[in-house]
Amino acid sequence: MTIHRRTVLAAAALAALATVGASLPAFAAKPLVIGFSQVGAESEWRTANTVSIKEAAKKDGVTLKFADAQQKQENQVKAIRSFIAQKVDVIAFSPVVESGWDTVLREAKAAKIPVVLTDRAVNVSDTSLYVTFIGSDFVEEGRRAGKWLLERAAKTPDATLNIVELQGTVGSAPAIDRKKGFEEVIGTNSKLRVIRSQTGDFTRAKGKEVMEAFLKAEGKKINVLYAHNDDMAIGAIQAIEEAGLKPGTDIVVISIDGVKGAFEAMIAGKLNVTVECSPLLGPQLMQIARDVVAGKPVPKRITTVEGVFPAEVAAKEFPNRKY
Ligand code: GZL
């Protein structure tokens with residue numbers, strides 16, 4: 001049978017189905033179109049998050065319009081406006097910072113395009129501007145980092161521990177909340193003191209640069225580094241070694257994400273613990289987008305389940321890591 005004849009027959013079959021009000025077969029439904037605005041490519045975590053989303057879209061037959069904002073809010077706003085103009089079915093994004101989204105999200109609402117937040121939250125006056133937020137509990141991640149340090153400090157109860165902190169991107173939900181959770185826990189022990197705190201913008205390069213400044217200012221007074229992500233910790237580890245000190249021994253190193261680079265640093269004895277923050281949000285995002293378009297109820301908040309990985313378990317756990 002020629003392709004033309006097959007096409008005519010298929011069209012006739014669909015027309016017949018349509019006339020009797022039958023629902024079109026799955027193969028005839030147009031693919032779901034999702035516009036996704038990604039923060040950037042600033043860290044191992046972000047790269048793994050992008051891979052998860054792109055692979056899940058491909059596997060799910062979703063048409064993904066993907067925009068990398070290079071860590072600039074104005075680029076995310078432009079991308080969201082472009083998705084509105086293209087009349088995508090769902091807009092999803094990981095907001096680089098918490099504030100400044102009300103106007104563009106109102107435009108999406110006026111265009112009747114549902115918005116799904118992934119990874120990071122937004123601060124908006126009207127929470128109906130987004131359908132749901134899929135991501136980690138960053139305050140809890142900060143608490144877990146603090147609890148690990150409390151337990152370690154209990155072994156030397158009389159020692160004062162001077163902590164330096166590498167914060168994430170200024171104004172971002174993970175930076176704000178990881179700081180909050182960590183301080184909430186270490187505040188219960190007056191011997192634990194944050195003596196320097198500055199943003200490393202979640203990158204290895206900036207993490208190294210700021211740690212060099214911390215070491216220049218405080219030197220051997222530093223007992224602990226708390227980094228809001230593994231990439232900044234890995235950059236800082238280079239600075240610590242270049243200063244002739246032993247990361248993981250002379251300076252205890254605590255970080256968050258749980259990327260492969262962190263496990264390699266723990267196995268090398270240079271990092272003491274990483275608190276997991278899973279970037280593997282792709283499959284959940286595709287399912288939620290389908291449910292939203294189908295008009296199914298979805299929870300306002302979907303929190304990812306995560307663990308804590310001290311150096312002692314790194315070698316055993318490493319082969320199981322997916323990012
Ligand atoms: C956390 C994510 C953060 C990671 C960083 O969910 O937003 O951004 O911790 C990444 O590695 O850059």
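For ligands, and for the atoms within them, numbers begin at 1 and follow the listed sequence.
- For the side-chain contact (heavy atoms from CB on, under 4.5 Å) criterion with V33, the lone passing option out of D89, V293, L64 is D89.
- Side-chain atoms of S136 do not come within 3.5 Å of backbone N or O of F138 as any donor-acceptor pair.
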Verdict with reasoning, F214 to I195, per side chain to side chain contact (heavy atoms under 4.5 Å, CB included): CA-CA 9 Å; F214 286 164; I195 59 172; over 6 Å; no
Are there any protein N or O atoms under 3.5 Å from the N or O atoms of ligand 1? List them with distances, or say none.
residue	atom	partner	partner atom	Å
ligand 1	6 (O)	D119	OD1	2.4
ligand 1	7 (O)	R46	NH2	3.1
ligand 1	7 (O)	D119	OD1	2.8
ligand 1	7 (O)	D119	OD2	3.0
ligand 1	7 (O)	R120	NE	2.7
ligand 1	7 (O)	R120	NH2	3.4
ligand 1	8 (O)	R46	NH2	3.0
ligand 1	8 (O)	R120	NH2	2.8
ligand 1	9 (O)	R178	NH1	2.7
ligand 1	9 (O)	R178	NH2	3.2
ligand 1	9 (O)	D257	OD1	2.6
ligand 1	9 (O)	D257	OD2	3.4
ligand 1	11 (O)	S43	OG	3.1
ligand 1	11 (O)	N229	ND2	2.9
ligand 1	11 (O)	D257	OD2	2.6
ligand 1	12 (O)	E42	OE2	2.5
ligand 1	12 (O)	S43	OG	2.9

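- For the side-chain contact (heavy atoms from CB on, under 4.5 Å) test with Y226, the passing option among L166, I256, V253 is I256; the others fail.
- A cation-pi arrangement, defined by a distance under 6.0 Å to the six-membered ring centre and an angle within 45 degrees of its axis, is absent between R81 and F83.
- For the pair K179 and E183, the salt-bridge criterion is met [side-chain N within less than 4.0 Å of a carboxylate O].
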